[in-house]
Asker: 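Got a structure for you, questions after.
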Number of protein chains: 2
Amino acid sequence: MDPSIDCCQYKEGIVAVATSSPTVVPTSPAQVDACCPAPLQDTALGEAEAVDLARRFAALSDPVRLRLLSLLATAADGAICVCDLVEPVGKSQPTVSHHLKVLREAGLVTSEKRGTNVWYAAVPAALEALRDVLAPRR
Amino acid sequence: MDPSIDCCQYKEGIVAVATSSPTVVPTSPAQVDACCPAPLQDTALGEAEAVDLARRFAALSDPVRLRLLSLLATAADGAICVCDLVEPVGKSQPTVSHHLKVLREAGLVTSEKRGTNVWYAAVPAALEALRDVLAPRR
DNA sequence: CGAGTTCATCGACGTGCGTCGATGCGTGTG
DNA sequence: CACACGCATCGACGCACGTCGATGAACTCG
């Protein structure tokens, strides 16, 4: 993977919002290559933008991933370790790990290793970016 | 079919548009148990809600469908016939028809037959409903 | 009525995805 | 140091999805 994404200017919003949640674990320098969204109802999507957007929406197109993301987004302390995610979604540990990887590669969550465990946290700015794509016409 | 409409406005929009044309293809084949979106960052998603949401996000997980939806959402007169959608996306007519069906069954677009042609239009309220799911925590 | 147009459906093919058991790697613990 | 634990990766399987040519249904026009 590691596609050379050059669609638009980068993650200024993500960094800015990330600093607004102090209790969230300082995420590892994993690069969140979240491209800025194109306004869906304003101008027609180009092919490259459509491919990028489709990839991010695809991360939300699975019930297990949506539940995982919801669990992370509603976590009291902002992060949950994998061992505490397996039971709630009712899937095997490899399956949960796979879905978390998909979410991470889509920039929707971040992971941080603390000792034996790995803690995942949602990235609110990434959801906000996708939200802007669905914004109504100005 | 035709259960009581007690959900969100996005469904009303579909019904309203659907009833305006008698020969319209039925938008959804009698399902939609949990239509109203749950706030993703407020409470943890249940399994049924997750399945329903995943189905709608899946409609946005394909580049061709995103471009079709964008074309419809930015249409000057609010609707485009199929014959004018085939060339812009660069796919065969059956493929375009297939993607439009997926979008229609997800409630994101509506179709109306006018003479020989079939005109598709975006449902802004459906996009707004999905947008609410991605809303930040209150 | 017959020819032409528009769109949906069908059948088929190749690919990708979700899933799980088995395995490997890194990290604490006795 | 040996063992247990947590998580990622691998390999494999089954199924769903995207795609297109061919066909069919509905409509228009001459």
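Below, chains carry the letters A, B, ... as their sequence lines are ordered, and counting in each starts from 1. Computation of the quantities below employed the complete heavy-atom set of this structure, encompassing side-chain atoms and omitting hydrogens, waters and symmetry-equivalent molecules.
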Asker: Quick check for you: among C:dA22, D:dC20, C:dT19, whose closest atom lies nearest to any side-chain atom of A:Asp62?
Answerer: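 For the A:Asp62 side chain, the nearest candidate turns out to be C:dT19.
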
Asker: Does the side chain of B:Thr116 get closer than 4.0 angstrom to OP1 or OP2 of D:dT28 through an N or O atom?
Answerer: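 Negative; the distance criterion is not met.
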
Asker: For the pair made of NE2 in A:His98 and C1' in C:dC20, what is the distance, rounded to whole Å?
Answerer: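 Between C1' of C:dC20 and NE2 of A:His98: 12 Å.
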
Asker: By nearest atom, which of the nucleotides C:dA8, D:dC7, D:dC27 is closest to the A:Val118 side chain?
Answerer: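 The answer is D:dC7, which lies nearest to the side chain.
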
Asker: Could you check whether any side-chain heavy atom of A:Val89 comes within less than 4.5 Å of a side-chain heavy atom of A:Leu71, counting everything from C-beta outward?
Answerer: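 A side-chain contact exists here, since the closest heavy-atom pair is under 4.5 Å.
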
Asker: Whole angstroms only, please: what is the CG-P distance between B:Leu66 and D:dG18?
Answerer: 12 Å

Asker: Which pair of non-hydrogen atoms, one from B:Ala54 and one from A:Leu66, has the smallest distance, and what is that distance?
Answerer: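 Nearest heavy atoms, B:Ala54 then A:Leu66: N-CD1, 3.4 Å.
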
Asker: Side chain of A:Ser97: nearest nucleotide among D:dA8, C:dT6, D:dG21?
Answerer: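 When the side chain of A:Ser97 is considered, D:dA8 is the closest of D:dA8, C:dT6, D:dG21.
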
Asker: Find the distance B:Asn117:CG to D:dA25:C1' and express it as a whole number of Å.
Answerer: 15 Å

Asker: Of the nucleotides D:dA8, C:dT6, D:dC7, which has the atom closest to the A:Tyr120 side chain?
Answerer: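 That would be D:dA8.
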
Asker: How long is the straight-line distance from CG of A:Leu100 back to CG of A:Leu69, given to the nearest 0.5 Å?
Answerer: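 Between A:Leu69 CG and A:Leu100 CG, I get 10.0 Å after rounding to 0.5 Å.
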
Asker: Between C1' on C:dG18 and NZ on A:Lys91, what's the gap in Å once rounded to a whole number?
Answerer: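 In whole Å, C:dG18 C1' and A:Lys91 NZ are 8 Å from each other.
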
Asker: For A:Val102 and for B:Trp119, find the nucleotide of DNA chain C with the closest heavy atom, then tell me which residue's nucleotide is more 5'.
Answerer: B:Trp119

Asker: Using a 4.0 Å heavy-atom cut-off across all strands, classify B:His99 as base, sugar-phosphate, or nothing.
Answerer: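 B:His99: backbone/sugar contact only, no base atoms under 4.0 Å.
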
Asker: Nearest to the B:Cys83 side chain among C:dC7, D:dC20, C:dT27, which nucleotide is it?
Answerer: C:dC7

Asker: Which whole-number value in Å describes the distance from B:Gln93 CD to C:dT5 P?
Answerer: 14 Å

Asker: Which of the following nucleotides, D:dT9, D:dC20, D:dC5, is nearest to the side chain of B:Ser92?
Answerer: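 Looking only at side-chain atoms, B:Ser92 lies closest to D:dC20.
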
Asker: Identify the heavy atoms of B:Arg56 and B:Leu108 that sit nearest to each other, and give their distance.
Answerer: O-CD1, 4.4 Å

Asker: Roughly how many Å is it from CG in B:Leu60 to P in D:dG18, rounded to a whole number?
Answerer: 12 Å

Asker: D:dG18 P sits how many Å from B:Lys101 NZ, rounded?
Answerer: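 Those two atoms, NZ and P, are 12 Å apart.
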
Asker: Please state how far atom CD1 in A:Ile80 lies from atom C1' in D:dG6, giving the value in whole angstrom units.
Answerer: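 A:Ile80 atom CD1 is separated from D:dG6 atom C1' by 16 Å.
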
Asker: Touch check for B:Arg114, heavy atoms < 4.0 angstrom, all strands: base, sugar-phosphate only, or nothing?
Answerer: nothing

Asker: Any side-chain to backbone donor/acceptor pair from B:Thr95 onto B:Lys91? Under 3.5 Å, distance only.
Answerer: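 No; judged by distance alone, with no hydrogens or angles, the pair does not exist.
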
